[in-house]
Amino acid sequence: MKRLWHAARRIGWFNLAFLGFLALPGLAQLVLRDKGVTTENRVLAPVPAMPADLPAALHWPKQVDAWLDDHFGLRGSLVMLNNWVRWHGFGELATTRLIKGGHGRLFMGSHDGGIANSLILDVCGKTPEPFPDIAASVTHLLDRTSAAGLRPTLMIVPTAARLYPEDIPEPLATECRGATPAVDALVARLGRPEVFYPVAEMLALKPRMEVIPRRHFHWVGEPPLRVAELLAGQHWGLPRVFPLALKPTYRGSDLAEINPGLGLEDAVEAPQYREAGVHDCEGAHGLALCGPIPGIPDTAASVVARYERPGKGRLLVVADSFGDEIGHDFIEYFGEVWMVHLNTIGILSPADHAILAKVLLARFAGDRVVYVVHDAGALSGMSRFEDVLFPK
């Protein structure tokens, strides 16, 4: 040990620390397992296959270099550090899918693979939309659901581009100025009482709360609770028999997966449904806690989120990602709320999907079903919502 100590002193601690720092990525690559998680919005280079012939062998070194470039140890951490420094040091974003707006607001410009800025331009009405086709798909969904014995409502949730136009940056603000918001025009064209578009109500909430948190794409916390109360209490005329308390908390930004490492969060008032004694059965974990659903295979039951309490009334929620924060809020009015998420039902086999749809139609016959979709999602039509209960 003494010899090592004297050798280290002769070489110099800085040199040793520098060499150790350079060796960290290689050591991490050897020791840490690749869990298949990426911090970049692209497909990383795959492990190259061993060459089978001479042309493949000549190309193989480039494939190896590409794989090493994409998978060297600590790459993900360095990417996140780069994103953090660019944002907090220079106000820069590492992806064009996020847009820096006014008053510290971040907008999502597009979904993965979507047209740049479409989530703003489509919503504000700049992009022409085939309203007759969309109106027809909404009408078909509502009429078919009614014919099946359920009582449907379509809730269209306005996103930040509609609720906070004052925060849209230039030149997008100029492009949107003077245009009629697309969903406003769609709802007016439909003229159906089963369509609930709470844009005026959410605009009225703005002086009291951030109806869409500044660093979120989705709504979070109190705003969806208040909208659930507007729909169930005022629109449907139901009594609120199970009030939920609110608790201040912090919620990490849902935009983090698009630009990892920013370390952003929003202060929100979150409804405490679990603390109120609501029986919460979500996904495969909830299935293990709550047991199977009679007549439904466990694989199909795992895509159903269930919220239950002592009381009367049942509600079925069929939703895109904007349903996640409002589904459990309806427990103030219903003893049993089931929610089926569009993004999870796609994992089912056609046979399991057909069984699930049949059970849902039978169980909620005569009950209400609310379809929840955000405004930009509504502009793509309702066929994917219709497929949930009426699979092809």
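Throughout, numbering of the chain's residues begins at 1 and tracks the sequence.
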Shared hydrophobic cluster, [X] / [Y] (ILVMFWY, side-chain heavy atoms < 4.5 Å):
X	Y	value
L172	L379	no
F330	V373	yes
L342	L356	yes
V340	L348	yes
V303	I326	yes

Atom pair [atom1] ([X]) and [atom2] ([Y]), whose distance is rounded to the nearest 0.5 Å:
X	Y	atom1	atom2	result
I258	T95	CD1	OG1	7.0 Å
S302	I293	OG	CD1	9.0 Å
I355	H353	CD1	NE2	11.5 Å
E210	L163	CD	CG	11.5 Å
R274	H279	CZ	NE2	11.5 Å
L316	F334	CG	CZ	11.0 Å

Report the C-alpha separation of M339 and V372 in whole Å, then their side-chain angles, then the decisive distance to 0.1 Å, and conclude whether the side chain to side chain contact (heavy atoms under 4.5 Å, CB included) test is met.
CA-CA 10 Å; M339 186 173 71; V372 180; over 6 Å; no
Within the supplied structure, the quantity of interest is the number of heavy atoms (other residues, nucleotides, ligands) at a distance under 6.0 Å from K206 NZ; does it exceed 12?
yes
Over 12 foreign heavy atoms within 6.0 Å of CD1, I115:
no
Taking the side chain as everything from C-beta on, heavy atoms only, tell me whether [X] gets closer than 4.5 Å to [Y].
X	Y	value
L106	L93	yes
L154	M382	yes
L121	C176	yes
L361	L150	yes
F107	L119	no
L98	L255	yes
V138	R192	no
E229	E332	yes

Closest non-hydrogen atom pair, [X] against [Y]:
X	Y	value
T180	A185	CG2-CB, 4.2 Å
I212	P158	CD1-O, 4.2 Å
G295	P297	O-CD, 4.1 Å
G323	A319	CA-CB, 3.5 Å
T145	P152	CG2-CB, 3.7 Å
E325	G221	OE1-N, 3.8 Å

So, applying ring pair (Phe, Tyr, Trp, His ring centres under 6.0 Å) with Y307, which one of Y273, Y333, F242 is it?
Y273
[X] side chain vs [Y] backbone, donor-acceptor pair below 3.5 Å:
X	Y	value
D122	A182	no
D254	F217	yes
E222	R226	no
Y164	V211	yes
R251	V220	no
Q272	A270	yes
R97	S110	yes
S137	S383	no

Between D280 and H328, does any side-chain donor sit less than 3.5 Å from a side-chain acceptor?
no
Taking atom types as modelled, is there a side-chain donor on Y197 or D184 under 3.5 Å from an acceptor on the other?
yes
Decide, yes or no, whether a salt bridge links D367 with R314 under the criterion of side-chain N to carboxylate O below 4.0 Å.
yes
Charged N to carboxylate O below 4.0 Å: is that the case for R368 and E194?
no
If you apply the rule salt bridge (charged side-chain N to carboxylate O under 4.0 Å, His left out), what do you find for E170 with R177, and how did you get there?
CA-CA 11 Å; E170 296 292 353; R177 195 168 292 123; 3.4 Å; yes
Derivation of the side chain to side chain contact (heavy atoms under 4.5 Å, CB included) call for D324 and H341:
CA-CA 8 Å; D324 293 344; H341 196 301; 2.9 Å; yes
Ring geometry between F322 and H218 (parallel below 30°, tilted from 30 to 60°, perpendicular above 60°)
tilted
Over 60° means perpendicular and under 30° means parallel, so tell me whether H235 and F196 are parallel, tilted or perpendicular.
tilted
Going through the checks in order, is the side chain to side chain contact (heavy atoms under 4.5 Å, CB included) test met by V227 and M155?
CA-CA 10 Å; V227 171; M155 177 193 292; 4.0 Å; yes
When you look at D375 and V199, which way does the side chain to side chain contact (heavy atoms under 4.5 Å, CB included) test go after all the steps?
CA-CA 10 Å; D375 48 14; V199 62; over 6 Å; no
Compute the ring centroids of F364 and W338, then answer whether they are less than 6.0 Å apart.
yes
Passing candidate, salt bridge (Lys or Arg N to Asp or Glu O under 4.0 Å) with D266, options R215, R214, R105
R215
